[in-house]
There are 2 protein chains.
Amino acid sequence: MTSEQSKSDISRARILDAAAKTFRQKGYAATTLIEIAKAAGMQAGSLYYHFGSKDELIEEVLDIGMRRVHEAVEESQERLPADSSYRDRIRVAVEAHLTTLLKHDDYTSANIRIFGQVPEEVRQHHIRQRDAYAELWRRILTKAQKSGALRSDVDLGLVRMLLMGALNWSVEWYQPGRTSIQTIADHMCLMLFSGIGIEEPIRSGENETVA
Amino acid sequence: MTSEQSKSDISRARILDAAAKTFRQKGYAATTLIEIAKAAGMQAGSLYYHFGSKDELIEEVLDIGMRRVHEAVEESQERLPADSSYRDRIRVAVEAHLTTLLKHDDYTSANIRIFGQVPEEVRQHHIRQRDAYAELWRRILTKAQKSGALRSDVDLGLVRMLLMGALNWSVEWYQPGRTSIQTIADHMCLMLFSGIGIEEPIRSGENETVA
DNA sequence: TCGTAAATCTAATGTGCGTTCGAAACATGT
DNA sequence: ACATGTTTCGAACGCACATTAGATTTACGA
């Protein structure tokens with residue numbers, strides 16, 4: 001071992017990268033160890049020197065993916081000046097989440113895409129981690145609401161779900177060259193804070209206010 | 001053949017129902033024909049009397065699922081009085097989409113959950129249908145924007161994607177007894193039209209307007 | 001240069017699944 | 001009751017995959 005536990009770690013990293021990429025593209029069950037091994041430059045059997053099973057491998061991919069968004073959003077909050085507005089807090093959180101998701105991170109998008117497909121046992125392993133990330137958002141939104149930055153008559157749990165859905169779904173349609181990540185984040189925040197509606201001129205008999 | 005081509009059609013329907021349910025739960029590759037057959041009350045081999053292959057079966061499930069949302073949203077528009085506000089048009093579309101998704105429709109939720117996992121060839125078969133549904137929403141939103149009901153400075157394509165994401169993601173977290181579908185739709189529309197932000201009292205030095 | 005441990009290869013094993021096909025069971029009109 | 005078409009069964013085939021274990025190579029300190 002020379003500098004910092006090389007070789008085994010390098011291979012391990014290559015395998016994980018290959019796995020994340022392949023899992024994201026093809027889904028859990030459709031991804032074969034042969035494929036992952038080839039992408040990592042080795043034979044399928046060799047994977048077992050580094051991982052005990054396919055499930056162990058996928059668990060680590062899921063783990064890393066979730067850790068990355070979590071850390072990104074957490075750091076986005078810490079980087080912010082202490083006197084930042086709550087809108088800014090939410091805005092940078094949205095940007096951090098989206099950026100991690102869409103910018104060279106197969107791990108994060110793999111997590112989102114395959115989580116619903118993995119065996120129950122593997123899923124159970126990650127519920128704690130998922131909950132922790134949800135809790136982070138819960139805190140951000142709750143503080144904003146308590147401070148009066150968000151309407152007090154909305155169900156924040158619901159808002160969070162809808163928000164996460166809008167953001168996470170982007171892995172299904174986002175294409176690098178088309179719309180910038182920043183633009184997506186801007187639109188999301190606009191919808192979240194102000195909506196995109198305009199009071200309509202009364203057309204005939206009906207008029208209505210928003211729920 | 002007695003009344004209206006019974007027996008074969010009944011079995012066919014039972015198989016499709018079982019397939020939709022199982023595909024939705026376990027995903028594409030993880031679902032076995034043995035499982036589907038058992039749920040339909042027959043042997044795996046018998047499925048081949050009704051369908052040529054696993055892919056043919058899944059294609060039909062995807063087809064039905066997409067057709068159901070499409071028709072539901074289309075009918076929601078036709079049912080509406082001609083002089084309805086554009087907000088109401090969008091609102092009922094959201095409600096129709098969500099209701100079809102979450103209320104006893106394994107086909108629709110299966111479509112959403114497994115579309116990303118099916119073999120490329122099967123996917124190609126449905127792009128046309130997906131585009132047609134997207135086009136329906138595009139029309140609804142464009143008319144609303146042109147009439148002045150929606151801000152003119154937003155990218156409607158982006159809005160549509162974020163909206164669909166928020167709605168579709170609900171299949172991952174929705175649980176029948178908890179929040180009513182209507183409440184979800186209300187929150188979505190509130191966010192879409194007005195947002196949930198409140199102008200913040202200026203805290204220190206910073207103040208900001210929305211993008 | 002040698003020896004030892006780490007890392008990878010190679011070939012084999014077993015299993016589960018999609019699919020096939022002829023035989024059996026069922027239904028229906030005559 | 002018979003004959004014909006419809007529907008399901010049941011066993012078998014072949015293949016692709018996860019996993020295993022021993023042989024082989026590679027890396028590196030002495």
Side-chain angles (χ1 to χ4, degrees), chain A residues 1-23 25-62 110 114 117-122 125, chain B residues 1-23 25-62 110 114 117-122 125:
Chain A
M1 319 151 194
T2 45
S3 52
E4 16 152 328
Q5 262 152 333
S6 259
K7 193 57 192 291
S8 178
D9 287 355
I10 291 176
S11 291
R12 213 183 137 82
R14 258 221 310 276
I15 294 172
L16 283 169
D17 284 351
K21 187 181 210 165
T22 317
F23 278 133
Q25 284 172 349
K26 316 226 170 175
Y28 169 72
T31 293
T32 148
L33 291 186
I34 298 171
E35 224 169 344
I36 294 177
K38 192 185 295 175
M42 50 173 65
Q43 297 289 92
S46 309
L47 298 178
Y48 285 82
Y49 179 78
H50 302 277
F51 298 93
S53 69
K54 187 184 182 184
D55 282 0
E56 211 173 276
L57 177 52
I58 208 177
E59 274 192 36
E60 186 136 356
V61 170
L62 289 175
I114 68 180
Q117 311 169 32
V118 301
E120 191 56 30
E121 189 212 337
V122 177
H125 261 259
Chain B
M1 319 151 195
T2 45
S3 51
E4 16 152 329
Q5 262 150 330
S6 258
K7 194 58 193 289
S8 178
D9 287 355
I10 290 176
S11 291
R12 216 183 134 82
R14 257 221 308 276
I15 294 171
L16 283 169
D17 284 351
K21 187 180 209 165
T22 316
F23 278 132
Q25 285 173 348
K26 314 224 171 179
Y28 169 71
T31 294
T32 147
L33 290 186
I34 298 172
E35 225 170 343
I36 295 176
K38 193 184 295 175
M42 51 173 63
Q43 297 289 92
S46 309
L47 298 178
Y48 284 80
Y49 179 79
H50 302 277
F51 298 93
S53 69
K54 187 185 181 183
D55 283 0
E56 212 173 275
L57 177 52
I58 208 177
E59 273 193 36
E60 186 136 357
V61 171
L62 289 174
I114 69 181
Q117 312 169 32
V118 300
E120 192 55 32
E121 188 213 339
V122 177
H125 261 259

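Heavy atoms only: backbone and side chains are in, while hydrogens, waters and symmetry mates are out.
Here the P atom of nucleotide C:dC26 and the CD1 atom of B:Ile10 are 17 Å apart, to the nearest Å. If you take CD1 of A:Ile36 and P of D:dC17, they are 12 Å apart, rounded to a whole angstrom. In this structure, the CG atom of B:Leu57 is 16 Å from the P atom of C:dC17, given to the nearest Å. B:Tyr48 has its OH atom 7 Å from the P atom of C:dG18, to the nearest Å. Between the CG atom of A:Asp55 and the C1' atom of D:dC17 there is a distance of 14 Å, given to the nearest Å. What separates CZ of B:Phe23 from P of C:dG18 is a distance of 9 Å, to the nearest Å. Distance A:Lys38 NZ to D:dA18 P: 13 Å, rounded to the nearest Å. Between A:Glu35 atom CD and D:dC17 atom P the separation is 8 Å, expressed in whole Å.
Looking at A:Lys54 and A:Ile36, their side chains never come closer than 4.5 Å, going by heavy atoms from C-beta outward. Contact check for A:Leu62 versus A:Phe23: no side-chain heavy atoms found under the 4.5 Å cut-off. Within the 4.5 Å cutoff, the side chain of A:Met42 has heavy atoms near those of the A:Ile15 side chain. Annotation: side chain of A:Ile58 is not in contact with side chain of A:Thr31 (no heavy-atom distance under 4.5 Å).
In the set D:dC17, C:dT19, D:dT19, D:dT19 carries the atom at the smallest distance from any side-chain atom of A:Lys54.
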Polar atom pairs (N or O), protein with nucleotides 22-24 of chain D, under 3.5 Å:
none

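Contact annotation: A:Ser53 side-chain N/O to D:dA18 OP1/OP2 distance is not under 4.0 Å.
Annotation for A:Leu47 and A:Leu33: closest pair CD1-O, 3.6 Å, computed over non-hydrogen atoms. What you find for B:Ala29 and A:Ala30 is that their closest heavy atoms are CB-N, 4.0 Å. Closest approach of A:Phe51 and A:Glu60 over heavy atoms only: CE2-OE1, 3.9 Å.
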Which letters describe nucleotides 7-13 of chain C, given B = protein heavy atom under 4.0 Å from base, S = only from sugar-phosphate, - = neither? BBBB---
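Atom-to-atom distance recorded for A:Lys26:NZ and A:Lys21:NZ is 12.0 Å, nearest 0.5 angstrom.
With sequence neighbours excluded, no residue forms a salt bridge (Lys or Arg N to Asp or Glu O under 4.0 Å) with A:Glu59.
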